Amino acid sequence: MNRLAVELPGLKLKNPIMPASGCFGFGQRYAAFYDLNQLGAIIIKAATVTPRTGNPTPRVAETTSGMLNAIGLQNPGLTAIMTEKLPWLAERYPDLPVIANVAGAKESDYVTVCQQISTVPNVKAIELNISCPNVAHGGMEFGTDPEAAYALTKACCAVSQVPLYVKLSPNMTDIRVIARAVEAAGAAGFTMINTLVGMQIDLKTRQPLLGNRTGGLSGPAIKPVAVRLINQVHQSSRLPIIGMGGVMSAEDTLELIMAGASAVAVGTANFSNPQACPDIIKALPQTMDRYQIKDLTSLIQEMAVTPV
Amino acid sequence: MNRLAVELPGLKLKNPIMPASGCFGFGQRYAAFYDLNQLGAIIIKAATVTPRTGNPTPRVAETTSGMLNAIGLQNPGLTAIMTEKLPWLAERYPDLPVIANVAGAKESDYVTVCQQISTVPNVKAIELNISCPNVAHGGMEFGTDPEAAYALTKACCAVSQVPLYVKLSPNMTDIRVIARAVEAAGAAGFTMINTLVGMQIDLKTRQPLLGNRTGGLSGPAIKPVAVRLINQVHQSSRLPIIGMGGVMSAEDTLELIMAGASAVAVGTANFSNPQACPDIIKALPQTMDRYQIKDLTSLIQEMAVTPV
Amino acid sequence: MLQEKLTVCRQRQLTADVFELTLQGKMATIAQQAGQFVDVLVPDQRYLLRRPFGITQVDAAKQQLTLIYRTVGQGTSILSQLKVGANLDTLGPLGNGFPTEFLQTKQHVLIIGGGTGIPPLYNLAQQLVARGVQVTSAIGFGTQKQIFYEAEFRALGAVHYATDDGSYGFHGHIGLLLDAEFATTHFDAIYACGPRGLLLAVNNRYREHPHAYISLESRMACGVGECYACVVPAEDQQALYKVCDDGPVFATGKVAI
Amino acid sequence: MLQEKLTVCRQRQLTADVFELTLQGKMATIAQQAGQFVDVLVPDQRYLLRRPFGITQVDAAKQQLTLIYRTVGQGTSILSQLKVGANLDTLGPLGNGFPTEFLQTKQHVLIIGGGTGIPPLYNLAQQLVARGVQVTSAIGFGTQKQIFYEAEFRALGAVHYATDDGSYGFHGHIGLLLDAEFATTHFDAIYACGPRGLLLAVNNRYREHPHAYISLESRMACGVGECYACVVPAEDQQALYKVCDDGPVFATGKVAI
Ligand SMILES: Cc1cc2nc3c(=O)[nH]c(=O)nc-3n(C[C@H](O)[C@H](O)[C@H](O)COP(=O)(O)OP(=O)(O)OC[C@H]3O[C@@H](n4cnc5c(N)ncnc54)[C@H](O)[C@@H]3O)c2cc1C
Ligand SMILES: Cc1cc2nc3c(=O)[nH]c(=O)nc-3n(C[C@H](O)[C@H](O)[C@H](O)COP(=O)(O)OP(=O)(O)OC[C@H]3O[C@@H](n4cnc5c(N)ncnc54)[C@H](O)[C@@H]3O)c2cc1C
Ligand SMILES: Cc1cc2nc3c(=O)[nH]c(=O)nc-3n(C[C@H](O)[C@H](O)[C@H](O)COP(=O)(O)O)c2cc1C
Ligand SMILES: Cc1cc2nc3c(=O)[nH]c(=O)nc-3n(C[C@H](O)[C@H](O)[C@H](O)COP(=O)(O)O)c2cc1C
Ligand code: FES
Ligand code: FES
């Protein structure tokens, strides 16, 4: 038995760790640091129908134990992703499940991307990004309006060949409203959390440091918010959760799982340490020993039966 | 001319720095570390009609560059505050403006406390706490419902002898909705931000570490969220803002002022460094020199005319 | 009550996870009541809350005070790596220590400690012995390997050890040792510090004793009595006490542990 | 491209706010193109993003590489306090350096640098001189006091200094120096690194030159080409280049600075 294996709709993961969308691109450069086959899965950068150029620079800023980003969903577009990026992964890592992050400005964009990208054999699930805080039409409208979220999720589920996970925004008065709506629309699970909206002002120029003025806050600074929201959604829905937000270590991974996640994505940590994912995977067994955790499947089961 | 002086409704401050509510109690113990007369003002711990015992322990947890608290508004109650705490301050620091943080479970509680506490001579302003995330009836209902916030603010303004600042919650999809409501109801200004809801799980017990399960996240981790929300409210309202959220230094103070604050409260930093407030006050002039800031009043004026 | 940058003048590992840290500064010259504590800022700015530790020894002449701590988490692990000469931003002395003013020469006290509860008790025992008070100690550990400061305690009077696994001294927890050894002995005062089970046992056993005291732990933020983080309810639930400011030492029967 | 813990083997202050840091490790033995950079993790865990620095010198035999940095913020201030023996988690060598393969012995290049743009240019000048290429340098600083590596550059060829305040060499910014001194000289290649104004001047002046290159700075997150943080638009705005991965060196006329 593999102590680290977890199973989720569409995803048989040999371990619960995967890079988070946008923090690992399409993996190509990171493959110079380690064998990507070590990963449980990989969530690739947002895909949109046509290539997107993204926001003005500077696009990143550093905050205390966190960072702001306003990349603005730059990506090479659906065609390039399907013909170059995904085949590159399939060829080298045929057994590595890919989760495709899908974004768009309007419902039909999302539907187009879901329909097409879900036909690619190594794409095992879709992460529907309705929570990008960094573009005017980046889904946050869908992500904060339950009716729009319901309609969008329903339309995407209808065309997708693979299970659909909806990425939830933390910038909400009550996240459960959206969780319930997308659950009713047929989502297979949630991924959470996307970034918190934040800002940094450059004292020298007295202007926002980011070209986009505001950006999304990620990193260890936001972990307590992630733990709480994951726990809140876990208690109000039976759908599985891929948790993320500030995970830097095996301990953080276990904390998110105890909160209610079934797998864990690692974002910002990749920037501090390009080998963050394999380092966490390696540390998990001994950390589980320390906390008397036999295997992750039974821990997840335990937290489902008696949530904290 | 005093470079650090700022003027706000009801408050003539010799400098913009004041301890934030709940992080300095009523100042008595901190008076052992320095002369409280150095402070611009002092925001005291929440006052409720009757003494409150607060939440189960543990009430605090540490997070990366932040902390969670779920004190639960423990306080000795209106009578003790009016007969013991406020006179203690008045006697020793007759010129130190006090801002009284007011909390309650229902509208009539808030009204009673505002009416009475605003008659105490050293209370120069009220901070209406409609954003405490840590008690079932700690005002978050008022703080996230614009109609309730309007009604409550209006009722409190009607009975208060001093200007009323409303403390806004960051746990909102759109903070401006509440800002507009309380502005229409007659508030003199805003204080922001209160804490973000967060959680920490103890890996040993697999249970939330805080007795209250969730708590409020504060400290440098949340500063980018504070800067952004202060800026957002600054751009949608003409009322002055007392900013707070992760301020540890003179640079942080200036960043919040550039975002739109007119004065700055220091919370969590008092725990790391009981002398955080006087240290910041002392560092302000040289830091202002470094960024070519003549005086705070003109900086605030500049940011009002050309907000970032 | 001072905020001072103390200088590490010695760090010594006592067991697999317990360290003795000697710090130098004026704080050591402020009159200290045994049982008071210091609140230490971990020299890593990700950690905002200070760590409270009981004071183990004070040498006012040398301006030194000694702490003993177990590495349980991030903060204490970082402390364990500090080298001589490092600075440590420290608040102290804080809280109220063990009342001893009523004790006379030749009177006999029982000290009951467990694990990292014993540091402040060592300071207490030293001060009492210096005043001619007779000290007997009952000290519990999980296993023999965890024991530290044995010679130091033995130098001050009779010491009875209990270990959970029987590897040293009495086999069983400290409550059973108290039953077995001290059920009938009269002590003029009782002082205890240690894990919750130990405090419960002492609190129950010596509830009626006019001079029995226990020292508590609680998660703190301010450490000085202004934030209401560290409270413990009165036994009758009619009041809340602050461990940092009303405690950490309380008379038995006073608080609901 | 390696991730390696390099060891500080020397740290030397060059001016009021500029430091030279020599690091030891295998990274120095990987074939380096001058103009590549390393990405350094600040040894304070509050800072999550790495800091990019050009490589100033490489000594493969001693396994040493040298960086020069100005203390502009928190990260570089912390670096400036590192002592010999400290470890520094470093990624590198990253990016594409200055193209030089087309140069022949005796050909003549112009190096144009300003402030902390000169570190990678020194590496370049060293490598070119070793290959028998003739190097002339035009270097700008705010004022004489800020100048560093003067002897090092003079040892490699003719050097012309410009200072904004005229305290040393030519009085005025580097663009004016180029006009005054090099308007008519032919160079087989031009290499520039420095503040935006300098890059703009070089980009305009040598737009048509077949071998003119500028090295850019941009805020980065991943440093390896996967996050799209560091992009710079093509001059025709029809594409975006990644400074970390497509750059940091670009031919003139290619990007909109
Ligand atoms: C009055 C008092 C005296 C103490 N004296 C000693 C002593 O002499 N020797 C000793 O080894 N320990 C003592 N402790 C416990 C000691 O404070 C904790 O072990 C220490 O704070 C753990 O820090 P950490 O960063 O390693 O643990 P972490 O778990 O990483 O700390 C996280 C947070 O929890 C707090 N925390 C964790 N455990 C405790 C605890 N048991 N009590 C209070 N806060 C805690 C920390 O201070 C920090 O804020 C005392 C506690 C109190 C309240
Ligand atoms: C390819 C490249 C090569 C460089 N080479 C050198 C060099 O050889 N010598 C030198 O002194 N400087 C160089 N820089 C600039 C150097 O990276 C910054 O000065 C440094 O990151 C500032 O860090 P800090 O923590 O002191 O500043 P802070 O302002 O506190 O840093 C905050 C954040 O902004 C980033 N940042 C700040 N300024 C810059 C900048 N100019 N460029 C990119 N990111 C920045 C930091 O990396 C960090 O993420 C180079 C930059 C790039 C992109
Ligand atoms: C640079 C950067 C780019 C990101 N791009 C995307 C994206 O394209 N799509 C998306 O759904 N989330 C994106 N995110 C959000 C992350 O996937 C993740 O939800 C968030 O950063 C929290 O995790 P972390 O704290 O581990 O980084 C991005 C985050 C960062 C830092
Ligand atoms: C221990 C603690 C107690 C607090 N108690 C109160 C309170 O009684 N009333 C209130 O309005 N805010 C309270 N707050 C919130 C602070 O006043 C402040 O809004 C928040 O902590 C953000 O500022 P900081 O990051 O500087 O701490 C409390 C915060 C902490 C950490
Ligand atoms: S820790 Fe703040 S009151 Fe005790
Ligand atoms: S820094 Fe990530 S692509 Fe350049």
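All values derive from a computational prediction rather than experimental measurement. FYI, side chains are in, hydrogens and waters are out, and symmetry mates aren't considered; it's all heavy atoms of this structure. A, B, ... follow the sequence lines: proteins, then strands. Residue 1 opens every chain.
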Under 4.5 Å between any side-chain heavy atoms of D:Ile190 and D:Thr252, yes or no? no

Kindly assign one of parallel, tilted or perpendicular to the pair D:Tyr241 and D:Phe250, based on the angle between their ring planes and the thresholds 30° and 60°. tilted

By a 4.5 Å heavy-atom criterion (distance strictly below it), what part of D:Leu91 contacts chain A: side chain, backbone, both, or neither? side chain

Parallel, tilted or perpendicular, as decided by the 30° and 60° cut-offs, for the rings of A:Tyr93 and A:Trp88: tilted

Examine the side chains of A:Thr268 and A:Ser218 and answer whether a donor and an acceptor come within less than 3.5 Å of each other. yes

Residues of residues 219-238 of chain D near chain A, each having a heavy atom less than 4.5 Å away: D:Arg219, D:Met220, D:Ala221, D:Cys222, D:Val224, D:Gly225, D:Glu226, D:Cys227, D:Tyr228, D:Ala229, D:Val231

Anything in residues 58-69 of chain A with a heavy-atom distance to chain D below 4.5 Å? Please list those residues in order. A:Pro58, A:Arg59, A:Val60, A:Ala61, A:Glu62, A:Thr63, A:Thr64, A:Ser65, A:Gly66, A:Met67

Smallest heavy-atom separation, A:Lys167 atom then A:Ile130 atom, equals O-CG1, 3.4 Å

Sequence neighbours left out, what pairs pass salt bridge (Lys or Arg N to Asp or Glu O under 4.0 Å) with at least one residue falling in residues 199-218 of chain A? A:Arg206-B:Glu302

Would you mind checking which part of A:Asn273 comes under 4.5 Å of any heavy atom in chain D, side chain (CB onward), backbone (N, CA, C, O), both or neither? both

Heavy-atom distance under 4.5 Å between the side chains of D:Asn203 and D:Val255, does that happen here? no

Within residues 39-47 of chain D, which positions have a heavy-atom distance to chain A below 4.5 Å? D:Leu41, D:Gln45, D:Arg46, D:Tyr47

Between A:Leu96 and A:Leu39, does the side chain to side chain contact (heavy atoms under 4.5 Å, CB included) criterion hold? Intermediate values first, please. CA-CA 7 Å; A:Leu96 179 62; A:Leu39 297 170; 3.9 Å; yes

Taking all atoms of both residues into account, what is the closest heavy-atom pair of A:Pro76 and A:Ile81, and its distance? CG-CG1, 3.9 Å

Measuring heavy-atom distances to chain D, does A:Thr57 have an atom under 4.5 Å in its side chain, in its backbone, in both, or in neither? side chain

Any donor-acceptor N or O pair under 3.5 Å, side chains A:Lys45, A:Gln74: no

Using a 4.5 Å cut-off on heavy atoms from C-beta on, say whether the side chain of D:Ile118 contacts that of D:Phe141. yes

Side chains of D:Thr76 and D:Ile78, heavy atoms from C-beta outward: is any pair under 4.5 Å? no

Taking the six-membered ring for Trp, are A:Phe24 and A:Tyr30 parallel (under 30°), tilted (30 to 60°) or perpendicular (over 60°)? parallel

Rounded distance [0.5 Å steps], OG1 in A:Thr253 versus CD1 in A:Ile280: 4.5 Å

